[in-house]
Amino acid sequence: LSPVEVERRICEVIERSLYSIRGVRSVQSIARADSAVVVVQFDWETRMDYAVLEVKKAASDLQRDRSQDVSSVNVIRYDPNARPVVTAAL
């Protein structure tokens, strides 16, 4: 699929679904040829265990409904507090 088709067939659909999850602050997607990256940000007080399950469900539903367009889905939880305070490159 071209980036335009990925945006229309995948990104727009998953963004609508993700915005329905409680605590979502923003959803951003990047469409590329045959792939997409979607980043979901949540309010600080959001129960992330629940939120991750809801994101996985939305991704699974998309994969089921668009099986011809979506071959695999990866949901990765990222914690900004897990990053080091100082990074040095030598």
Side-chain angles (χ1 to χ4, degrees):
L1 297 173
S2 72
V4 172
E5 290 175 302
V6 170
E7 176 71 25
R8 186 175 51 81
R9 291 181 179 184
I10 308 301
C11 294
E12 290 177 4
V13 175
I14 193 68
E15 285 180 13
R16 280 192 301 271
S17 180
L18 292 172
Y19 268 118
S20 70
I21 298 172
R22 182 182 306 176
V24 169
R25 179 185 300 179
S26 70
V27 179
Q28 299 173 332
S29 60
I30 300 169
R32 297 184 180 130
D34 295 324
S35 69
V37 175
V38 181
V39 178
V40 185
Q41 290 184 326
F42 291 89
D43 295 329
W44 281 105
E45 62 275 359
T46 301
R47 293 177 50 198
M48 289 308 298
D49 292 338
Y50 167 78
V52 169
L53 289 175
E54 290 296 310
V55 169
K56 287 181 178 182
K57 181 183 180 313
S60 176
D61 290 348
L62 176 70
Q63 186 175 16
R64 184 192 66 236
D65 296 343
R66 307 270 178 164
S67 61
Q68 293 179 355
D69 297 330
V70 180
S71 60
S72 67
V73 175
N74 295 313
V75 176
I76 301 168
R77 180 177 175 174
Y78 173 76
D79 181 359
N81 293 322
R83 296 195 68 192
V85 176
V86 176
T87 302
L90 304 173

*Looking only at non-hydrogen atoms, find the nearest pair between Phe42 and Met48 and report the distance.*
CD1-CE, 3.7 Å
*asked:* Side-chain heavy atoms nearer than 4.5 Å, only ILVMFWY residues, links allowed to pass through others: does that put Ile21 and Val75 together?
replied: yes
*Between Tyr19 and Val27, is there a donor-acceptor pair closer than 3.5 Å when you use the side chain of the first and the backbone of the second?*
yes
_Exam field: side chain Glu5 to backbone Ser2, donor-acceptor pair closer than 3.5 Å_ = yes
*asked:* So if I apply the side chain to side chain contact (heavy atoms under 4.5 Å, CB included) rule between Val70 and each of Val13, Leu62, Asp65, which one comes out positive?
replied: Leu62
*Are any of the side-chain nitrogens in Asp49 or Arg77 under 4.0 Å away from the carboxylate oxygens of its partner?*
yes
*Mind running side chain to side chain contact (heavy atoms under 4.5 Å, CB included) on Leu18 and Glu54 for me, showing each step along the way?*
CA-CA 8 Å; Leu18 292 172; Glu54 290 296 310; over 6 Å; no
_Nearest heavy atoms of Arg9 and Asp69, plus distance in Å_ = NH1-OD1, 3.0 Å
*asked:* Please report the interatomic distance CD1(Ile14) to CZ(Arg66), rounded to the nearest 0.5 Å.
replied: 10.5 Å
*Straight-line distance of Gln41 CD to Gln28 CD, nearest 0.5 Å*: 6.0 Å
*Which atom of Val38 lies closest to which atom of Ser29, heavy atoms considered*: CG2-CB, 3.9 Å
*For Arg25, does its backbone N or O pair with a side-chain atom of Asp43 as donor and acceptor, under 3.5 Å?*
no
_Test item: Gln63 side-chain N/O and Ser71 main-chain N/O as donor-acceptor pair under 3.5 Å_ = yes
*What pair of heavy atoms forms the shortest contact from Val6 to Ala36, and how long is it?*
CG1-CB, 3.8 Å
*Closest non-hydrogen atom pair, Pro3 against Ala33*: CG-N, 3.6 Å
